[in-house]
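Down below is the structure, laid out as structure tokens.
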Amino acid sequence: MTKTILLTSQALDLAVDALKRDDLVAIPTETVYGLAANAMSASAVSKIFAAKERPFFDPLIVHVPKSWSTLETLLRKGLIQDEFQGGRLRLKQKEVTASLMRSFWPGPLTILLPKGETVPDLVTSGLSDVGVRVPSHEVCQQLLEKLQLPLAAPSANRFGRISPTNAQHVLQELEGRIPYVLDGGPCQIGVESTVIKISEGSVSILRPGNVSKSDLESVARTYDYKVEQIDSVLDGNQAAPAPGQLASHYAPRKQMYLASTAELKQILLKLSEKNIRKIAVITFSTGSLETWRIVGDSLVDQKIQFVEEALLSKSNDPATVAQNLFGEMRRLDDSSAEVIISEKPELFHGLWHAIGDRLSRASQKIKI
Ligand code: TXA
Ligand code: MG
């Protein structure tokens, strides 16, 4: 059992030293907190898997400083290798990649690139691509620039659990298992980065995030590249397109169900038949919360009770919903409620897509 020390951004140098000697540090990013280790050291990276109880088949994202954010620099640093050379199409693929980097880095976009030989296989679970991202969080960037090393960092939660969006969440997940948490305040975005793979003629989205399909299209279009969404869960297809994109993920311990306002009453009745009556609800606007309360009140005879309510945004604003989503799921999971019911997003574009993806991975299906 290690004592976990919470560092403020003033103590950045302690975090730098710890990472240089291959210790783990949980770090803030604009999406979620990450559990970081020197990506060039297999022994440092192996500590991540141990602390998280993460299976080795799930690859890690490598975070680099802003001053490394071009293809040339990543090649020079040995993080990636040049498989783009030769043929005209390959050259175009390289141009699209460089253009996406210029447009979205620093920011919540992870790009899969041909892995350089110096990156330990452990980082990519033996895959030939490595996921690279340049985080925009100020404290995280200061850390990376001082360190001048790439950091492998998955979300700083135990495997399969809800991603942490502030330093306290990290402590709840990993206290006593890691030496340091660098506190950079609450995460601005709240859901993990968009993960893409660029091939000849197309950009595939393997995990939706804050960089949306239409954002990517605005760049890809110039090069006549298509953007396609690979959707294992939302399509109801359980086959995982990318290792680690497991259907059950980001999950609270409690049972969680998704409901449209029209389905809510049926679901509550179904639960009351199973003697489940203490309910926590998640809604996206004051309007839905009020309607849901009316539905709840109409079932007093069935002893249905909303023991906890989470209002993620007052007015269906996806940026606010995403920011509050994981923190509120965590709070309701620790409450006296027996189950959690969340409003189901009605829109599927932009950030709503990422929100819907995380909610469906966190929830179970219920027959009504
Ligand atoms: O926003 C984020 O991406 C956060 C912060 C900390 O940067 N990180 C994060 O990491 O969400 P993690 O480990 O929880 O999710 C990484 C996922 C993997 O599960 C996998 O789906 C995909 O990214 N991934 C990473 N490297 C890959 C690779 N080489 N091939 C295919 N998928 C990869
Ligand atoms: Mg994760």
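Counting starts at 1 for both ligands and their atoms, in listed order.
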### Query
What atoms of ligand 1 come closer than 4.0 angstrom to any heavy atom of Gly34?
6 (C)
### Message
Using a 4.0 Å cutoff against the non-hydrogen atoms of Ser193, which atoms of ligand 1 qualify?
### Response
1 (O), 2 (C), 3 (O)
### Query
So, does Lys197 sit close enough to ligand 1 that a heavy atom of it is under 4.0 Å from the ligand?
no
### Task
Decide, yes or no, whether a salt bridge links Arg76 with Glu72 under the criterion of side-chain N to carboxylate O below 4.0 Å.
no
## Note on the structure
Here the atoms of ligand 1 under 4.0 Å from any heavy atom belonging to Asp58 are 18 (C), 19 (O)
Throw together a table of side-chain donor-acceptor distances under 3.5 angstrom for residues 184-193, partners on residues two or more places apart or in other chains.
from: Glu192; atom 1: OE1; to: Arg358; atom 2: NE; distance (Å): 2.8
from: Glu192; atom 1: OE1; to: Arg358; atom 2: NH2; distance (Å): 3.4
from: Glu192; atom 1: OE2; to: Ser163; atom 2: OG; distance (Å): 2.5
from: Ser193; atom 1: OG; to: Thr110; atom 2: OG1; distance (Å): 2.8
from: Ser193; atom 1: OG; to: Arg207; atom 2: NH2; distance (Å): 3.2

### Query
Is the closest N or O pair between Lys52 and ligand 1 shorter than 3.5 Å?
no
#### Entry: From Ser360 atom OG to Met256 atom CE, the distance as rounded to the nearest 0.5 Å
9.5 Å
### Query
Evaluating non-hydrogen atoms only, which member of Leu112, Val132, Leu113 is closest to atom 28 (C) of ligand 1?
Leu112
### Task
Would you check if there is a donor-acceptor pair between the side chains of Arg102 and Ser69 at a distance under 3.5 Å?
no
### Message
Within the structure, is a non-hydrogen atom of His63 found at a distance of less than 4.0 Å from ligand 1?
### Response
yes
### Message
Whether the Ser41 and Asp22 side chains hold a donor-acceptor pair (N or O, under 3.5 Å, no angle test) is what I'd like checked.
### Response
yes
### Query
Should you measure from each heavy atom of Asp129, which atoms of ligand 1 turn up under 4.0 Å away?
29 (N)
### Message
Does either side chain, that of Gln148 or that of Glu145, offer a donor lying less than 3.5 Å from an acceptor on the other one?
### Response
yes
### Message
Looking at every heavy atom in both Gln81 and Lys115, which two are closest together, and how far apart are they?
### Response
NE2-O, 2.6 Å
### Query
Going by distance alone, is a donor N or O of one side chain under 3.5 Å from an acceptor N or O of the other, for Ser43 and Ser46?
no
### Query
Which ligand 1 atoms, with their elements, are less than 4.0 angstrom from a heavy-atom of Thr31?
1 (O), 2 (C), 4 (C), 5 (C)
### Message
Please list, in number order, the atoms of ligand 1 under 4.0 Å from a heavy atom of Glu192.
### Response
1 (O), 2 (C), 11 (O)
### Task
Nearest heavy atom to atom 26 (N) of ligand 1 wins, so pick from Pro59, Pro164, Pro154.
Pro59
## Note on the structure
Looking at Thr110, Val32, Val130, the heavy atom closest to atom 4 (C) of ligand 1 belongs to Val32
### Message
So, 2.8 Å as the limit: is an N/O/S atom of Ser155 located closer than that to the Mg ion (ligand 2)?
### Response
yes
### Summary
Closest to atom 9 (C) of ligand 1 by heavy-atom distance, out of Pro28, Ser155, Pro108, is Ser155
### Message
I want to know if ligand 1 touches Thr124 in the polar sense, i.e. an N/O pair below 3.5 angstrom.
### Response
no
### Query
Side chains of Gln141 and Ser136: do they bring a donor and an acceptor to under 3.5 Å?
no
### Task
Decide whether an N or O pair under 3.5 Å exists between Thr29 and ligand 1.
no
### With sequence neighbours excluded, residues passing ring-ring contact (aromatic ring centres under 6.0 Å, His included) with Trp105
none
